[in-house]
Amino acid sequence: MDVSRDAAGFSAITDAARRSGRAMGLVPTMGALHQGHDALISRARDRGGFVAVSIFVNPMQFSDADDLAAYPRDEAADLARCERLGVDAVWSPSVEQVYPPGVDLPAPDPGSIGSTFEGASRPGHFPGVLMVVHRLLSVTGPTSAYLGQKDAQQLFLVRRMVAREQLAAEIVACPTVREADGLAVASRNRNLTPAEREQAPSLFLGLSEAAAAARGGEPVAAVLIATIAREVGAAGLARLDYAAIVDEATFEPLTTVDRPARAIVAARFSEVRLIDNLLLPGPAA
Ligand code: AMP
């Protein structure tokens, strides 16, 4: 497994693999790798071809310096994990390699959806996400990039950027990997206290109840949102940030579920902010 720090070195490795005619899969990560990342890497590997992983805690997408400082990092464990999973190349760059001083990199505009939900709670988050994903795609030149459905708004905005800018990479969405109790696996979960960890599945519980109500024919988004809020509220240590039902095609909030829709939720447990989402099933026939 090749490990590069600089952009030129990593580009040279991926260029050589591409010249040999191999498909190239890129899995962008912020490290602290877990089963969610494993699933993305496995999906890329199962498709055959060269598998590249980037490990970069992107300061541009953090609006809070404390949050950035608290973000878990363990490069040695990440590299061992990548090796075990059969990754071909890892790019683990410094901030200067991703954002070379004095260079004006493309700064794709997330548009109005970029200021809602995660974007409202974290100003500057999505401009930072799109900038780094654009940069990762241009350094790597992948055939496909593998992203998790767990970050549904991010996935939506990256897909739209790729379509609008006519970038060559196919974006492959991978299902959310969960703990046995339903909690979406996330690097931040390790910062939960034991009591918070016990209550953290309340997000998935609320989403699942909303999905069951939608399957039962409930079309009123406010009712589904109240279901989610009730479950999160029942977890005494959680503070609901938002719960919403959005149009799967546009990420705009819906008041009536009359088209493919996704329930989304964010809540805070003291210092740890968790997000989750679930595609709502149509009414059972
Ligand atoms: P992160 O390292 O948190 O920036 O995540 C890197 C990629 O892994 C993103 O595309 C995430 O959506 C994805 N990811 C994170 N957690 C999960 C999970 N539990 N299941 C599936 N994908 C995930």
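Whatever order the structure lists them in is the order used to number ligands and atoms, beginning at 1.
- In this model, no donor atom of one side chain and acceptor atom of the other lie less than 3.5 Å apart for Q97 and S4.
- Distances from atom 21 (C) of ligand 1 to the heavy atoms of S187, P175, A39 put P175 nearest.
- Looking from atom 19 (N) of ligand 1 to the surrounding protein, the closest heavy atom is V185 O, 2.8 Å.
- Closest to atom 3 (O) of ligand 1, if we only count protein heavy atoms, is Y71 OH, 3.7 Å.
- For atom 10 (O) of ligand 1, the closest non-hydrogen atom of the protein is G148 N, 2.9 Å.
- If you check which protein heavy atom lies closest to atom 12 (O) of ligand 1, you get D151 OD2, 2.6 Å.
- Ligand 1 lies out of reach of F56, whose nearest heavy atom is not under 4.0 Å from it.
- Between atom 16 (N) of ligand 1 and the options H34, Q149, H37, Q35, the minimum heavy-atom separation is to H34.
- Using modelled atom types, one finds a donor on one side chain and an acceptor on the other under 3.5 Å when comparing E170 with S144.
- For Q61 and N58, the side-chain atoms include at least one donor-acceptor pair closer than 3.5 Å.
- Set against the non-hydrogen atoms of T176, the atoms of ligand 1 under 4.0 Å away are 20 (N), 21 (C).
- A donor-acceptor pair shorter than 3.5 Å cannot be found between the side chains of S94 and R5.
- Ranking protein heavy atoms by distance to atom 20 (N) of ligand 1, first place goes to V177 N, 2.8 Å.
- In this structure a side-chain-to-backbone donor-acceptor pair under 3.5 Å is missing from R164 to P108.
- Every atom of ligand 1 with a heavy atom of T29 under 4.0 Å away is listed here by number and element: 2 (O), 6 (C).
- For ligand 1, the atoms lying closer than 4.0 Å to a non-hydrogen atom of L40 are 7 (C), 8 (O), 10 (O), 13 (C), 22 (N).
- The two residues A266 and R273 make their nearest non-hydrogen contact at CB-NH2, 3.5 Å.
- To the nearest 0.5 Å, atoms CZ (R22) and OG1 (T143) are separated by 10.5 Å.
- At a 3.5 angstrom cut-off on N or O pairs, C174 does not count as close to ligand 1.
- No donor-acceptor distance shorter than 3.5 angstrom exists from the side chain of E165 to the backbone of L167, with no hydrogens or angles considered.
- No donor-acceptor pair closer than 3.5 Å links the side chain of T140 to the backbone N or O of L137.
- P28 O, 3.3 Å is the protein heavy atom nearest to atom 6 (C) of ligand 1.
- Of the protein's non-hydrogen atoms, the one nearest atom 4 (O) of ligand 1 is M30 CG, 3.5 Å.
- When each atom of ligand 1 is checked for a heavy atom of L147 under 4.0 Å away, the hits are 10 (O).
- Judged by distance alone, the side chain of Q154 and the main-chain N or O of L147 form no donor-acceptor pair under 3.5 Å.
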